[in-house]
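Notes to accompany the following structure.
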Amino acid sequence: MISKDSPIGIFDSGVGGISVLRVLKHDMPNENYIFYGDSINAPYGDKTDERIREMSDSSIRFLFEHGAKAIVIACNTATSAAATYLREKYPEAIIVAMEPAVKPAVSHSDSDHPKVLVLATKSTIHGERLHHLIGRFSENAEIYPVAAPGIVPLVEAGKENSTEILSYLKELLNPFRKVSDGGEGHIVDSVVLGCTHFPFVMNKIREALSYDVTFYDGAYGTSRETKRRLEKAGLLNNSDIPGKTEIYSTAAGDDPTALAWRLLELPFDYSPEQ
Ligand code: DGL
């Protein structure tokens with residue numbers, strides 16, 4: 001039986017979902033959490049929708065078996081390829097998903113027609129969901145969707161702060177770098193982090209662009225929605241003691257959850273206005 005004390009279950013293709021877990025923990029510190037990172041199968045972003053649905057289904061089943069009262073799909077790729085399927089398959093469950101933060105990037109901008117760079121995995125960039133989302137805002141903004149398939153493997157290897165990631169980003173983002181830096185000069189106002197691994201390389205994206213941009217991360221909206229859904233279902237934990245977090249990972253090695261814990265403990269700049 002699920003109750004207010006049951007954990008919120010979160011899954012991702014790997015450690016990216018930790019960037020969502022840290023926002024959830026900040027917003028609802030007294031909840032219990034169970035995180036499942038399917039690192040052995042990362043990246044999901046290069047796989048077929050059918051394969052992403054199968055892997056997401058097996059993650060969700062793991063979380064239900066561990067008593068989750070709600071599920072957070074902390075993965076834009078799994079949301080794009082599998083959220084509709086999972087909601088149809090588990091109609092009674094609370095399933096909250098991600099949405100790349102295009103709406104706040106357009107509506108919070110000071111500019112009348114902001115230039116917004118949307119970074120995500122190949123699967124998300126080519127998926128219908130993002131296509132529709134961009135269509136809703138394309139009259140009011142210049143939106144540039146760019147697939148960044150090289151980020152996830154480097155974050156999964158614990159290289160989120162490396163020179164390797166910086167050179168990859170400089171090359172990928174060359175069209176958006178200043179001409180004086182050797183780029184093509186399409187300067188953007190904001191960057192939407194459309195994959196949950198990407199908040200861990202936010203500083204490197206800033207360094208690669210080398211000018212001021214505002215970042216938008218869908219984790220904040222997902223966390224607010226999770227709280228709203230739990231409240232509505234009478235399942236919000238009202239205990240006044242801090243909750244517990246458990247992390248499971250399919251990563252290989254002696255200590256498969258070490259990277260996830262390290263990323264969870266990194267200081268981060270909480271920006272709820274997104
Ligand atoms: N963290 C994931 C996302 O938000 C997926 C990355 C991947 O495995 O390709 O899209």
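Both Phe176 and Ile151 are assigned to one and the same hydrophobic cluster, defined by single-linkage of ILVMFWY side chains at heavy-atom distances under 4.5 Å. Both Tyr216 and Val102 belong to a common hydrophobic cluster when Ile, Leu, Val, Met, Phe, Trp and Tyr are linked at side-chain heavy-atom distances under 4.5 angstrom. In terms of hydrophobic clustering, with Ile, Leu, Val, Met, Phe, Trp and Tyr side chains grouped at heavy-atom distances under 4.5 Å, Met98 and Phe35 are assigned to a common cluster. Val146 and Ile187 fall within the same hydrophobic cluster, defined by Ile, Leu, Val, Met, Phe, Trp and Tyr side-chain heavy atoms under 4.5 Å apart, directly or through other members. The hydrophobic clustering, which links ILVMFWY residues whose side-chain heavy atoms are closer than 4.5 Å, places Ile40 and Leu263 apart.
Among all heavy-atom pairs drawn from Arg129 and Thr79, the shortest one is NE-O, 3.5 Å. Across Ala101 and Val192, no two heavy atoms sit closer than the pair N-CG1, 3.4 Å. For Asp181 against Ser210, the heavy-atom pair with the smallest separation is OD2-OG, 2.7 Å. The shortest heavy-atom contact between Arg262 and Gly158 is NH2-O, 3.4 Å. For Pro199 against Asp217, the heavy-atom pair with the smallest separation is CG-OD2, 3.5 Å. When all heavy atoms of Ala81 and Asp49 are compared, the closest pair comes out as CB-OD1, 3.7 Å.
Crowding of Glu128 atom CD: a count of heavy atoms from other residues, nucleotides or ligands under 6.0 Å not exceeding 12. Within a 6.0 Å sphere centred on CG of Asp255, other residues, nucleotides and ligands contribute more than 12 heavy atoms. Atom CD of Glu139 is surrounded by 12 or fewer heavy atoms from other residues, nucleotides or ligands within 6.0 Å. Within 6.0 Å of NE2 on His131 lie no more than 12 heavy atoms contributed by other residues, nucleotides or ligands. Within a 6.0 Å sphere centred on CD of Glu171, other residues, nucleotides and ligands contribute 12 heavy atoms or fewer.
For the pair Met55 and Tyr44, the minimum side-chain heavy-atom distance is below 4.5 Å. Using a 4.5 Å heavy-atom cutoff, the side chains of Asn41 and Ser13 are not in contact. No side-chain heavy atom of Ile247 sits under 4.5 Å from any side-chain heavy atom of Ile34. The shortest side-chain heavy-atom distance between Leu130 and Pro100 falls under the 4.5 Å cut-off. Here the side chains of Lys25 and Thr245 are in contact, with some heavy-atom distance below 4.5 Å. For the pair Val116 and Tyr144, the minimum side-chain heavy-atom distance is 4.5 Å or more. A heavy-atom distance below 4.5 Å is found between the side chains of Glu164 and Leu154. Contact check for Asn140 versus Asp112: no side-chain heavy atoms found under the 4.5 Å cut-off.
In summary, Lys89 and Asp57 engage in a salt bridge, as defined by a charged side-chain N under 4.0 Å from a carboxylate O. Residues Glu142 and Lys115 are not paired through a salt bridge, judged by the lack of any N-O separation under 4.0 Å between the basic side chain and the carboxylate. Look at Arg228 and Glu225 and you find a salt bridge, because one of the NZ, NE, NH1 or NH2 atoms lies within 4.0 Å of a carboxylate O, short of that distance. Under 4.0 Å is where a charged nitrogen must lie from a carboxylate oxygen, and between Lys69 and Glu31 at least one such pair does. Between Arg53 and Glu50 there is no salt bridge, since no side-chain N of the basic residue sits under 4.0 Å from a carboxylate O of the acidic one.
Classification of the His26-Phe268 ring pair by plane angle, with boundaries at 30° and 60°, yields perpendicular.
Applying ring-ring contact (aromatic ring centres under 6.0 Å, His included) to Tyr36 and the options Phe11, Tyr248, Phe62 leaves one that passes, Phe62.
Atom CZ in Arg61 sits 11.0 Å away from atom OG in Ser56 (nearest 0.5 Å). The CE atom of Met28 sits 4.0 Å away from the OG atom of Ser223 when rounded to the nearest 0.5 Å. A distance of 8.0 Å separates CD1 of Ile18 from CD1 of Ile10, quoted to the nearest 0.5 Å. Residue Lys4 holds its NZ atom at 11.0 Å from CG of Leu230, rounded to the nearest 0.5 Å. One finds the CG atom of Asp27 at 11.0 Å from the OG1 atom of Thr222 (value rounded to the nearest 0.5 Å). Note that the OG atom of Ser123 and the CD1 atom of Ile52 stand 3.5 Å from one another [nearest 0.5 Å].
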Notebook entry, point to check: Should Asp189 and Val213 be marked as a side chain to side chain contact (heavy atoms under 4.5 Å, CB included) after you check the CA-CA gap, both sets of side-chain angles, and the distance that decides it?
Noted result: CA-CA 5 Å; Asp189 300 291; Val213 280; over 6 Å; no
Checklist line | Arg177 and Glu184: CA distance, side-chain angles, deciding distance, side chain to side chain contact (heavy atoms under 4.5 Å, CB included) verdict | finding: CA-CA 6 Å; Arg177 300 176 71 220; Glu184 294 169 30; over 6 Å; no
Margin query: Between Asp38 and Thr250, does the side-chain hydrogen bond (donor to acceptor under 3.5 Å, both in side chains) criterion hold? Intermediate values first, please.
Written below: CA-CA 5 Å; Asp38 190 17; Thr250 59; 3.1 Å; yes
Check: His197 and Glu156: side-chain hydrogen bond (donor to acceptor under 3.5 Å, both in side chains), yes or no, with the steps?
Finding: CA-CA 9 Å; His197 283 73; Glu156 286 292 322; 2.7 Å; yes
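Of the possible polar contacts, one joining the Asn30 side chain to the Ser239 backbone as a donor-acceptor pair under 3.5 Å is found. Without hydrogens or angle criteria, Arg87 side chain to Ile95 main chain gives a donor-acceptor distance under 3.5 Å. A donor-acceptor pair is defined here as one N or O able to donate and one able to accept, closer than 3.5 Å; no such pair exists between the side chain of Ser109 and the backbone of Ala105. Asn76 places a side-chain N or O within donor-acceptor distance of the main-chain N or O of Gly194, the cut-off being under 3.5 Å. Of the possible donor and acceptor atoms, none in the side chain of Tyr90 sits under 3.5 Å from a partner among the backbone N and O of Ile60. Judged by distance alone, the side chain of Asn32 and the main-chain N or O of Asp5 form a donor-acceptor pair under 3.5 Å. Put simply, the side chain of Ser80 never gets that close to the backbone of Thr77: no donor and acceptor are under 3.5 Å apart. Of the possible polar contacts, one joining the Thr196 side chain to the Ala74 backbone as a donor-acceptor pair under 3.5 Å is found.
A distance of 6.0 Å or more separates the ring centres of Phe215 and Phe198.
Between the side chains of Ser249 and Thr257, not a single donor N or O lies within less than 3.5 Å of an accepting N or O.
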